Each structure stands twice: as C-alpha cells, then as structure tokens.
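Just so it is clear: chains get the letters A, B, ... in the order the sequence lines come, proteins before strands, and each one is counted from 1. This is a predicted model, so every value here is computed, not measured.
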Amino acid sequence: MIRAVLVMNTQGRPRITKFYEFWPVEKQHEAIRNVFSVLCSRAEHVSNFVDAESIFGPDSRLVYKHFATLYFVFIFDSSENELAMLDLIQVFVETLDKCFRNVCELDIVFNYSKIHAILDEIIFGGQVLETSSTEVMKAVEEITKLEAASNAINLVSKSVSNWRSR
Amino acid sequence: MEQLKTIGRELAMGSQGGFGQSKEFLDLVKSIGEARSKAEEDRIVLREIETLKRRLLEPDIPKRKMKEYIIRLLYVEMLGHDASFGYIHAVKMTHDDALPLKRTGYLAVTLFLSDDHDLIILIVNTIQKDLRSDNYLVVCAALNAVCKLINDETIPAVLPQVVELLGHSKEAVRKKAVMALHRFYQKSPGAVSHLVSNFRKRLCDNDPGVMGASLCPLFDLVTIDAKSYKDLVSSFVSILKQVAERRLPKSYDYHQMPAPFIQVKLLKILALLGSGDKQASESMYTVLGDIIRKSDSSTNIGNAVLYECICCVASIHPNPKLLESAADVIAKFLKSDSHNLKYMGIDALGRLIKLSPQIAEQHQLAVIDCLEDPDDTLKRKTFELLYKMTKSSNVEVIVDRMVDYMISISDDHYKTYIASRCVELAEQFAPSNHWFIQTMNKVFEHAGDLVNIKVAHNLMRLIAEGFGEDDDATDSQLRSSAVESYLRIIGEPKLPSMFLQVICWVLGEYGTADGKHSASYISGKLCDIAEAYSNDETVKVFTKIQLFANKAGKFKAYAISALMKIYAFEVAAGRKVDMLPECQSFIEELLASHSTDLQQRAYELQAVVGLDAQAVQAILPRDTRCEEIEVDKDLSFLNGYVDQAIEKGAQPYIAEDERNGMGNVSNLRSQDQHESIQHGLRFEAYELPKPPMQSKVDPVSSTDVVPVPEALSYRETHPISSVGSTSEAGSSELKLRLDGVQKKWGRPTYSTPTSSTTNSPSEKPANGASHVDSATASYSKSRDSQNTKKTEIDPEKQKLAASLFGGSSQPERRSSTGHKASRSSGGAADGSRGSKAVEKTIQQPPPPDLLDFSDEPTVTSALPSVDPFKQLEGLLDSSMSSTTNHNAGTATIAPDIMSLYGDSTASQDSLDIFHGLSTEPTGATSGETTVTTLPQSVKGPNAKDALEKDALVRQMGVNPTSQNPNLFRDLLG
C-alpha cells in the first residue's frame, strides 16, 4: 500500500502531506525534514528511488520526482512497483496540470482542498484508485459542480431568508 | 448593494475551486513564503495559531468562514505545529449538511485524527448516516474517512453499511467499498474474516475497475495463505490474458498499455501462487511469455510490467525459456541510460541469480558501473546484489568494497546494516584468519558501537582459540599479527569502546606472548589508552558526564585487567616486574577510585604481583581462555569441613524453600532447569530472522562456539549444559560458522588477496588467478592484432569484474560443455551485446613482454595437492566468460576457444604455456611450466608475507605498468 504522499518545495516547505497511516504531527514533520535532506543532496540525473527504511521503517520505499520548484514524493511498501509509482506521480501531476493549466507551486498552496480532492480520486486509503487523468478530472469536476450547486442553493436560501427577515 | 457584491465575489470564488479565501489567508501564505528563516516562519505560524484560537471562539461564525479556518488549521499543522485546539470544529463540520462543508470536515478529520482519537466517537454516527446517503459523493467522502478513522473497535459499527455498498449501483462507490473493506482487513483481520469471500466475488464484477480494486486485498490474502487461493490461479491467468489482449475498454489503457496497474497486481499475485507449485506455474508460462514479448519497453509503465514479469518468472517454478527472455529484459534494463531502469535491472538480477547464477556474468561490467555510480540508491542496491552472490572466491573484494563504502557514509542506519552484512560475510566466507581480523578491525574502527557486541566476542574467541586445528604455530602467529595490528591502531584517536575492549583483552592475553614486545612496553600502551579515554570523554561532554564517566570507568577496568594479566605472566615466567611510573600512578589512582569494581581490580593486581611464580601460575594460567572450567556444584570438596562442623554440633543445612515452608521441595537442579527454560524462551523471542545465505550451515553443529567472556562466567555459575546450549541457540545467528570454513582457515598456504577464478576451496587460487591473467592478457594481445577498432575500458573494472564474477563462471562452463546447444541458443539472443562484452574484456593492456612473464621468478608454483585440471578449468573459464557470448551464434564453444588459442600460439610463442596447459592438462605440465618459487612464501605460515608476495606477482605479471594503484588497494584491502 501507499503509506504517504508528500509534496514539498525545493526549500523543504511541505505543500501537501497525506499519510495513509496515522503519524503524529511531530513525526510527520521530522520525516518530511529527513526526506528533504536526502532529496536535496541528490544529484540531478540519478534514479528516482531512495532508500527510505531509515526514515519510514522497514519495508518502505520512496519514489520522488522533481518538477520545477516542487518535489513529489510517494512512500509505499513492497506490494507496489517502483516504476508504477513513478508513473502514478506523473498521473497526479498531469491531472494537476489539466486542472490548473500549467500548475505551479502557488496553485497548490491556494487550492489545498481541491488538491486533496484530486489526490483522493487517485489514491484511496493507500491503494491506487484511478490512473487515468481524464477519469480523475471527470470525477473532480463532478464534485466541483455539485459543490457549487449546493453552494448556490445555500447562498440563495441564506440571502432569501436574510431578505425575508429584514 | 454591498451584500450583492459579496455574493458575487463568493460565487466567483466558488466557481474557481469551491472555496474562497480571505485576504488574511493569502497574507499568511505569502508571509510564510517570504520567511527567510525557520524561526521567522515559526513566529508567523504561532501568531496565526493565536489568531485562529481567538476567531474560533467567536460566536456565530459564518459557515464558509469556518471552512476557511479549518483549511488554515490544516495548513498550520502541515507546517509542523499543533492545531489540536481546532479538531473539534473539524468534527462539527462533518455534521454539516452542505456537501462542500462536509467534505472539508471529512478531509480535516482524516488529516488530523488518529483512529484511536477520543473525538472519533463523535464522528462514527455521522459516518453511519452518510454511508446511507443518496448522494454518492457524500458516501464517497464517508468511505474515505472510514479508511483512515475506523479502528478495530469501531469497525462493527460501520461494517454492515460498507458491505451493503459493495452492491452499489455506481462502480466508483463499489470500488471504494472494496478498498475500505480491504483497509478493515489490514487493520483487524479478525473483524472481517467472515467477509473475505466478498473479495472473491468482486473479482467477477462487471466493472474492470472494481475487479482491479479487489486484487489488492486478494494480494494480501494470498501473501498470508497461498494454499487456499490456488483455485483462483486459472481465473487470474485468464484475467491477465484478457487484459494483455486488450479486451478491456480503451479507457483503461495507460500510455498505450492495457491496464498496467492491474497487470502489475496480477503478476504479483501469480508470483506468490506459482512459487513452489509446478502445476500452477505451468499454466502461467504462456501468458507470461506473451506479456514479456508484447510489453513496450520504451515507456516507464511498460518496464514496470516487464519488471513484474521477471519477478514472477524468478518466483514460480523455473522455465528455461522464460528465464532466458527474463535475462534479455534484464540486459535491456542494465544497458539503459536511465538510472531507474538500472536499479530495476540490478534488483531483477538479484532475484534471478538464485535460479541461474551464470546470468550475472554477462552483466559484470554493468554491475561494476552501478557500484561506482554516484547514485547512492543504485550503489546500495548493487551491494545487495553482491551480498547475494558472495562466495569464498570473491568475498575479499566484496567485503572490502562494502567496508570502503561504510567508511564513506554517515547514515547510521545504513552503516549498521552494512556493517552487519560485512561481518556476516566475513564470518561465513573468510579465506584467512589474518584477513578476517583485519576486516573486523576495520569494521570496528569505523562502525564502532553500531556493531553487535557478539561480533566482538566472536573475534576475541577466534583469536584465543584459533580455528580448532591443533596447529599452535598458526595460532600464535595469528595472535601476534593481531597484537601488532592493535598496537598500530591504538594510537588512533576516538576508538569505539567495543573495539577498545577487544584491544585491551587481546593485548592483555597475548601482548607479551611472542616475546617481541616487553611487558613494560605493552603496559605503557595500556596506561596510555586508559589515560586518553578517561580524560578525553569526561571533559568534553558536560551533559553526559555521568554516562561517559561510566564509560571511562569501563576503559579503566579493561586496561587494569589487561595489566594484571601481563604482570602475572611476567611473574609466572620468573621475570622481575618493573612497573613504569605511569602504570604505578594509574594503579594508585584506581586504588583510590570511587568505583568499588576498579578498586578491587587494583587491589587484586597488587596482590597478584606480590605472589610467587607458582601461585600466580595457578591463579592466572597462561592461555587457558578456552578451556572449560569444571564447576563442582555440589561443593563436594567442602564435605569434610561440613561433616566436621556437624560433628561439632552445627545445624545441618536446610534448603531455602524448606526453610520458608514452601512445601514443594524442589532441588537446585530443577530450579536451574526452570531458569534455563526461561532463558530459552527469552532468547527464542529475540532471535533474528535467518538470512538465506546461512541456511546451509547447521547452527546446532556450532554449539560449542560461544562468545568467550560471557559464556565462561555463565558456565561458572550455571554448570548445567542445557543452559549454555539454549543461550547459544539464540545467539547462533552471530556466531562464527567454523564448521563450514574450517578447512580453509588456518591452512598455512591459503592466503591470497583475490581468487578470481576458482570456486573450489581446495584449489590454490593465487596460482589459478595469475594464470588466468596471463592467459587473458596474452589472448588479448593476439586479438589485438586482428581487431584494431576497440572501445577503451578501464582495466581496473575488468579486474574487479574478474574478481567478483570469476568464480561464478564455473557452473556455466560445466553446463555449456554438457548442453552446448541450449547454452548457445540462450546467448544468441544477445549476440551483439556479447561481442561488445568481448571487445571490452580484451582491452586489457597486454604485458610488454610475455616471455618475460613466463620467466618471472615470483610466479607461485602449484602445490602437489592442487589438481591442475581444475586450474585449467578455472583458466578456460574466465577466458570463456569473455568469449562465450562472442561465439554465441555457433553451436560449439569449447573447440572455438581452442582454435582461438591455437591461433594465438601460432603468432605468439609466449602462449606456449597456456597452450600446453589447455591441451595436456596433466600435473607434470603444470609443474614444469609454472616456475618454481621461493618455498617459504608458499610453505611458510606467514599470511602477511604471502599476501604481499602475491600482490607483487600480480603487479608484475598482470599489469607491469601498474596504472591503477587503486586496483591493488582494492585487492589487498
């Protein structure tokens, strides 16, 4: 299963962190720092895999990908395939790109819950749910649409009631 | 009007992503982004926490404001600060009816809470309700929360709803329900064991996505118990076949691959099911072959599937054809420029190597490239591979490499790991005691206290006992070489304490044994250590003074015990003890020590030194470390005294339990047994898992090998042998495997830095190796004349390759003579690579004068006991390894080589040696052709001398220009 998804920038600031098993906040933070110190010390054209057992305990592997100012990191166990995970990062990033048209770090910072919505459509409870970015987009758009609809209803009802009460 | 504007903005924000952010939040993010230091960032976040705390207390917070606060809380917590004060608001938000709020609430609680958090109880009810909702998005949000928040206590509360959702009309929900159930299974297998059949059922779901989701739990189930799922083999195979044949809808394609993630999972499951099951495996062969053929190796995901295929092929009952194509895929991986693929290739090679050891050989240069790669991940993976292929012929090179790497890294976790690997390999395969001690010293020096204490005990025991052979000369020579090395090392600053213990002990026991060093010299050294380490550590570290004071005390104890032994041996030998002034003052210091232990040791020392020779000999006899101490546990020698006392009217002894009226009379023995059982249990529990390499050695057979100091003191108090053996069963993991290596260890002539081509331990590798080198060298020269266009390759690498892989060529050669046809067809597929490999190998710079080489006086001679035919095999072998691939297209190999060498003899007279060997493999020829050597270098037991000589031979014979001093550093350690 996938243990955690981390997105951090090249200064080591976390942007999205999702642990699929519970980790106390301090330990999460420590792990993120350790991961970052490993990642930033790696040269450019080397493999995307890192030995993660010292950070995340036995039977854990780490795959990362570097895009512009962001590191995308997946941590998982031996029941997943490294190369496949690398592609899953690709799926995630592709979807973000489709969603925000040329995604950049700021999009991720300001659209926290939407990013999580996307991630939840790709990985569910630590298992790979969907690998087609079009399908993910469809699902996310549907959520957005429904949310917007319920927003509108709320707003209308609220303004109507406000107006009535006046 | 004002109100309309806000509504408009909110609507606009809502359309952007369903959540509007206030200026406050934007400012927060911006200021954090601009923070220049961690401290500044922390200040900003702490201020934000204060703001949020205040805001959350305000009454009647508008809901969308609340939503933003929750997001801000998440943000704060992501930055590593505690946001627990706001958890309750997130929980409240899950109760909201509006979908965006509910979703945010669920998102927040899944990120905030652990599954045993107190607040979970407030959510369970909501989850139950939401799982029954008509809106599938609500259901999905609840399922998402369920995965993270439900633990074995709360599973029963939501289980019925989740199971119901398995039949939901929307496949997205079914899929998530399967995964949620899987999560339940992972968390608490007992709670859902009765529902396991649902996973089987979902395998037949109409929707391939749901089927794919059910593979994950099935993989877990098969991992635990493959037997009960054997009936599904045919289903899995047919699903995989359909997927591979693109029967799934196009929407499941990913980069033109049909549902690769499903393929990967299926291959993983099949690998488990086919392992050790011939029948099941046979049903998989066709589909595996198809997939390997069809998979697109140009995409990442295609390679992922290919890699899984190799893993599957390596795990199931072997099929030669599949192994061949798997080897081809590995070759592609290793040749790729991508580090990722190289990594996968090395990993796959490690898996396949158990089944067909010969495949490593074609890739030797690629493996060495990976070993020298700057990428740490790749390097470590390669060490993993080398660990798997270590044997006595290449152990030195591999362990030396590992030690070098160990020295270079600072990651304690991996350092511990690789140190234990080094120790394990060294104990298992060490070619000579001298090498073993040197290696252990290096490991101790650099990994220090990360090494298991048992390793130190083993080392001391080894030095004390030798190798179980009744050859005192070897043993004492071993000891003096150990003493020498420790006297050298002792000057280095900051030695780890465990290593110091070993040093002190060895110096105390054997420092003066060979008469080379005087007692005062050794004792002076010991005092220096005690001095250096007691001051050094205590002064420097203030906070841990207590700890280090203890540590320093330990050093002093080691040192004074060693001193006592040295003086005792002096007295026993009838020499006068003249203490150095610093020793005197050291002892005086300890006499006044606060530690009673140190004090006692010091007084004992004084007393012993004052005794006469005979008494001292009785107290501290020389070299009796390993003798069993018989303990008379009945204390029968006191019987006379007791009888006398009773006669005089003393009370007879009553056992303690009798005295206490415990009733149950149990004698000392049964108590002891009880204790031993307890020990046995405890040791069992902590026993480490057995690494695969050691399985061939029976741990029981080495029962009498126990860490010395522990065992001795233990036996003194608990004489029952069962106690000793239980403790050993537990510690067998780290014990020296003397039975396996005994034959080689301690053999006076067996000492060589590398034994590149032999894999039979009885051979004399130095001889074989130098021959091979000459052979390949001359061969390369002859080829040189024909083949002008060549790629340059580092001879160092070839050398390393030969020392690493040389031994493994033996089995291949055998099989190649036996089944030439099949072998060559295997090589045919990668003929081009093969020829390239040849080009690479023959690049070795030829010695300037081969005739000279044959007259080289230092070429080691063949011992009569060495079978020259075997040497020849070794010879042919390594040259074969470079030529087999070249000749892959042809059906015959050996004749070809012969003719090649024949050609070369025609052109080069100097090849006569080799030619003669290859055509007439008799003892006589080999004896004649190999030039006689200095007898003492072979016969003499001095391992170090032999080592150096051998190095000289190599240097002169193989590579006279000595372009790569590094190489020899590698080989010599």
Looking at side-chain heavy atoms only, is the closest gap between B:Phe261 and A:Asn81 below 4.5 Å?
no
Hey, which of B:Arg183, B:Glu41, B:His255, B:Lys342 has the most heavy atom pairs under 4.5 Å with chain A?
B:Arg183
Taking the side chain from B:Tyr254 and the backbone from A:Asp87, do they hold a donor-acceptor pair closer than 3.5 Å?
yes
With the side chain counted from C-beta on, respond yes when B:Met78 and A:Tyr112 share a heavy-atom pair under 4.5 Å apart, and no when they do not.
yes
For B:Leu149, is it the side chain, the backbone, both or neither that has a heavy atom under 4.5 Å from a heavy atom of chain A?
neither
Write out, in numerical order, the residues from residues 51-74 of chain A with a heavy atom short of 4.5 Å from a heavy atom in chain B.
A:Asp51, A:Glu53, A:Ser54
Distance in Å, B:Cys147 SG paired with A:Ile123 CD1, rounded so as to fall on 0.5 Å steps:
12.5 Å
Under 4.5 Å heavy-atom distance to chain A, tell me which part of B:Lys38 shows up: side chain, backbone, both or neither.
side chain
Measuring from A:Leu146:CG to B:Leu137:CG, what's the distance to the nearest 0.5 Å?
5.0 Å
Could you tell me the separation between the NE2 atom of A:His116 and the CD1 atom of B:Ile71, rounded to the nearest 0.5 Å?
8.0 Å
Under a 4.5 Å heavy-atom cut-off, does chain B meet the side chain of A:Thr131, its backbone, both or neither?
both
Of the backbone (N, CA, C, O) and the side chain (C-beta and beyond), which part of B:Ser114 lies under 4.5 Å from a heavy atom of chain A, both, or neither?
both
Answer with side chain, backbone, both or neither: which region of A:Glu80 has an atom nearer than 4.5 Å to a non-hydrogen atom of chain B?
both
Specify which of B:Leu143, B:Asp347, B:Thr110, B:Val305 makes the most heavy-atom pairs with chain A at under 4.5 Å.
B:Leu143
Honestly, the part of B:Ala271 sitting under 4.5 Å from a heavy atom of chain A is neither
Any non-hydrogen side-chain atom of A:Val46 less than 4.5 Å from a side-chain atom of B:Asp376?
no
Which portion of A:Ser78 sits near chain B, non-hydrogen atoms under 4.5 angstrom:
backbone
What's the spacing between A:Phe49 CZ and B:Lys381 NZ if we round to 0.5 Å?
10.0 Å
B:His339 side chain to A:His45 backbone, donor-acceptor under 3.5 Å:
yes
Counting distance only, does the side-chain N/O of A:His29 pair as donor-acceptor with the main-chain N or O of B:Leu79 below 3.5 Å?
yes
As an exercise: rank A:Glu135, A:Gln28, A:Glu26, A:Met1 by heavy-atom pairs under 4.5 Å with chain B and give me the winner.
A:Met1
Exercise: identify the closest heavy-atom pair between B:Ser251 and A:Ser132
O-CB, 4.2 Å
If one checks every heavy atom of B:Asp411 against chain A at 4.5 Å, the contacting part turns out to be side chain
Could you list which of residues 8-22 of chain A have a heavy atom closer than 4.5 Å to any heavy atom of chain B, in residue-number order?
A:Arg13, A:Pro14, A:Arg15, A:Ile16, A:Thr17, A:Lys18, A:Phe19, A:Tyr20, A:Glu21, A:Phe22
Let me confirm one number: the CG-CD distance from B:Leu215 to A:Gln127, rounded to the nearest 0.5 Å.
10.5 Å
Which bit of A:Val25 is near chain B, if near means a heavy-atom gap under 4.5 Å: side chain, backbone, both or neither?
side chain
Apply side-chain hydrogen bond (donor to acceptor under 3.5 Å, both in side chains) to the pair B:Thr377 and A:Arg42, showing each step before the final yes or no.
CA-CA 10 Å; B:Thr377 317; A:Arg42 285 177 68 79; 2.9 Å; yes
Which bit of A:Ala139 comes within less than 4.5 Å of chain B, counting heavy atoms only: side chain, backbone, both or neither?
neither
Does B:Asn340 use its side chain to pair, donor to acceptor, with the backbone of A:Ser47 at less than 3.5 Å?
no
At a heavy-atom distance under 4.5 Å, which candidate from B:Lys187, B:Lys148, B:Arg380, B:Gln186 has the highest pair count against chain A?
B:Lys148
Check each atom of B:Lys265 against the heavy atoms of chain A and say whether the ones under 4.5 Å are side chain, backbone, both or neither.
side chain
Of the listed residues (B:Val264, B:Asp412, B:Ile301), which shares the most heavy-atom pairs with chain A below a 4.5 Å separation?
B:Ile301
I need the B:Lys30 NZ to A:Phe110 CZ distance, nearest 0.5 Å.
9.0 Å
Against chain B, label A:Ala43 side chain, backbone, both or neither, depending on which of its atoms sit under 4.5 Å from a heavy atom there.
neither
A:Ser79 to B:Phe219 - nearest heavy-atom pair and separation
CB-CE2, 3.2 Å
One option among B:Phe112, B:Tyr414, B:Tyr343 has the most heavy-atom pairs under 4.5 Å with chain A, and it is B:Tyr343
Do B:Tyr136 and A:Glu142 touch side chain to side chain, with heavy atoms closer than 4.5 Å?
yes
Is B:Lys176 close to chain A through its backbone or its side chain, or both, or neither, when contacts mean heavy atoms under 4.5 Å?
both
